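Remember, it's 1-based here, ligands and their atoms both numbered in the order they're listed. Treat the numbers as computed from the prediction; the structure is a model and nothing was measured.
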Amino acid sequence: MSRTLTVGAAQMGPIQRDHTRTEVVERLLVLLRRGADADCDLVVFPELALTTFFPRWWSADIAEFDHFFETEMPGPQTQPLFDEAARLGVGFHLGYAELTPDGHRHNTVILVERDGRVVGHYRKVHLPGHEDHEPWRAFQHLERYYFEPGDTFKVFAGFGGVVGMAICNDRRWSETYRVLGLQGCELALIGYNTPVHYPPDPSQDALAGFHNHLVMQAGAYQNGMWVVGVAKAGDEEGCQLLGESAIIAPSGEIRATCATDGDELVVAEADLDLCANYKDTLFDFARYRRPEVYGPITGQRGVEVPDHLTDHEESDGGEAL
Ligand code: CDV
């Protein structure tokens with residue numbers, strides 16, 4: 001049986017602070033219907049796809065921003081998306097801010113099958129930015145204030161394959177793909193909101209697009225999986241967000257990419273069986289990985305590194321190989 005999925009990367013243009021959920025859900029429905037017209041099995045929406053990227057602002061009273069969070073999913077305003085997905089037979093992936101009944105806040109994503117069934121949730125593990133107000137910045141990045149981190153990367157059976165999820169900054173970490181890859185992930189879905197300007201080191205600004213594709217292409221190739229990276233793009237409240245959403249094959253090749261900074265759907269055929277070309281050859285983990293060598297190295301700066309990793313033989317002055 002063919003395991004070829006038609007996947008849509010549903011990039012969104014900016015969501016301004018005063019845009020209502022109803023307006024945003026209407027835009028999502030338009031993209032979902034475009035996906036149905038293109039015969040998509042799955043439409044992938046970005047991180048925090050229901051609201052503006054609110055961690056760019058500080059509020060001393062964290063609860064003042066609770067209106068940016070969902071207390072249920074689906075809730076009254078998002079139910080139309082679930083209904084339309086089931087009616088069209090198109091699954092979707094949607095990022096949102098989650099406020100749990102016991103008061104925990106997370107940067108979360110939900111994956112929904114073509115029949116409207118919830119496949120799984122994921123809560124962002126790598127929270128970038130800072131915990132406290134930093135007025136020197138042109139804009140804040142207070143994810144570490146507004147959210148608690150998730151504690152696991154899991155895979156789910158869905159869309160005829162093994163599906164994993166990650167969110168934005170997670171995509172820069174090789175561990176993300178490897179932990180998913182070790183669980184057999186064939187399709188990794190990743191939404192993002194990436195400001196082009198990086199205040200701690202503006203020399204990275206010109207490389208924002210390069211780094212975005214670099215990490216996702218490497219993660220796809222080194223783990224033999226499809227990666228779908230989807231942006232919220234454009235000028236959001238004066239902050240320019242990177243677009244360049246992409247669907248990447250297990251070869252590391254980009255199969256489709258967005259050309260605008262607005263609401264845009266690009267589609268690619270993702271043959272999940274292609275993963276085996278890499279998982280069963282160059283990246284046959286069971287055969288070639290050497291976990292006994294990698295050991296329990298944490299390797300964090302400031303953490304003592306075992307001697308055998310720091311002892312290098314003295315150079316004998318011989319010729320370089
Ligand atoms: N939303 C994010 O996680 N954004 C980060 C920025 C802060 C660098 C990213 O890695 O794209």
Undergrad: Assess the residue pair T194 and H211 against the criterion (side chain to side chain contact (heavy atoms under 4.5 Å, CB included)); give the C-alpha distance rounded to whole Å, side-chain angles, the decisive distance to 0.1 Å, and a yes or no.
TA: CA-CA 11 Å; T194 295; H211 287 156; over 6 Å; no
Undergrad: Which of the atoms of ligand 1 are close to R172, meaning less than 4.0 Å from one of its heavy atoms?
TA: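 Numbered from 1, ligand 1 contributes 9 (C), 10 (O), 11 (O).
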Undergrad: In ligand 1, which numbered atoms sit nearer than 4.0 Å to a non-hydrogen atom of N169?
TA: 3 (O), 9 (C), 10 (O)
Undergrad: What I'd like to find out is whether the side chain of P55 reaches to under 4.5 Å of the side chain of F147, using heavy atoms alone.
TA: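 Contact flag for P55/F147 side chains = yes.
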Undergrad: Hey, does R171 sit under 4.0 Å from ligand 1 if you only count heavy atoms?
TA: yes
Undergrad: Check whether any side-chain N or O of Q183 sits under 3.5 Å from a backbone N or O of F153 as a donor-acceptor pair, and report yes or no.
TA: yes
Undergrad: One residue to check: K124. Relative to ligand 1, which of side chain, backbone, both or neither has a non-hydrogen atom less than 4.0 Å away?
TA: side chain
Undergrad: If the plane angle is over 60° it's perpendicular, under 30° parallel, otherwise tilted; pick one for W173 and H126.
TA: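 Rings of W173 and H126: parallel, as their planes differ by under 30°.
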Undergrad: Kindly list each side-chain donor-acceptor pair under 3.5 angstrom involving residues 35-45, sequence neighbours excluded, with atom names and distances?
TA:
{"from": "D41", "atom 1": "OD1", "to": "R114", "atom 2": "NH1", "distance (Å)": "3.2"}
{"from": "D41", "atom 1": "OD2", "to": "T6", "atom 2": "N", "distance (Å)": "2.8"}

Undergrad: For ligand 1, which atoms, with element, lie under 4.0 Å from some heavy atom of E143?
TA: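 Numbered from 1, ligand 1 contributes 1 (N), 2 (C), 3 (O).
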Undergrad: Pull out every atom of ligand 1 sitting under 4.0 Å from any heavy atom of T194, numbered as shown with elements.
TA: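 Matching atoms, with element in brackets: 9 (C), 11 (O).
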Undergrad: Which ligand 1 atoms does N193 reach within 4.0 Å, using its non-hydrogen atoms?
TA: 1 (N), 2 (C), 4 (N)
Undergrad: Under 4.0 Å, counting heavy atoms only: does G129 come that close to any atom of ligand 1?
TA: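 No, G129 has no heavy atoms under 4.0 Å from ligand 1.
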Undergrad: Would you indicate which of G95, P55, C168 comes nearest to atom 5 (C) of ligand 1 when only heavy atoms are counted?
TA: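 Minimum heavy-atom distance to atom 5 (C) of ligand 1 goes to C168.
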Undergrad: Would you please classify the geometry between the F82 ring and the F92 ring as parallel, tilted or perpendicular, with 30° and 60° separating the classes?
TA: perpendicular
Undergrad: Which protein non-hydrogen atom lies closest to atom 6 (C) of ligand 1, naming both residue and atom, and how far is it?
TA: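 Answer for atom 6 (C) of ligand 1: H141 CE1, 4.1 Å.
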Undergrad: Hey, what's the ring geometry for W58 with Y145, parallel, tilted or perpendicular (30° and 60° as the breaks)?
TA: tilted
Undergrad: Which heavy atom of R3 sits nearest to which heavy atom of D273, and what is that distance?
TA: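 The answer is NE-OD1, 2.8 Å.
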Undergrad: Can you sort out which atoms of ligand 1 are near E47, meaning under 4.0 Å from one of its heavy atoms?
TA: 1 (N)
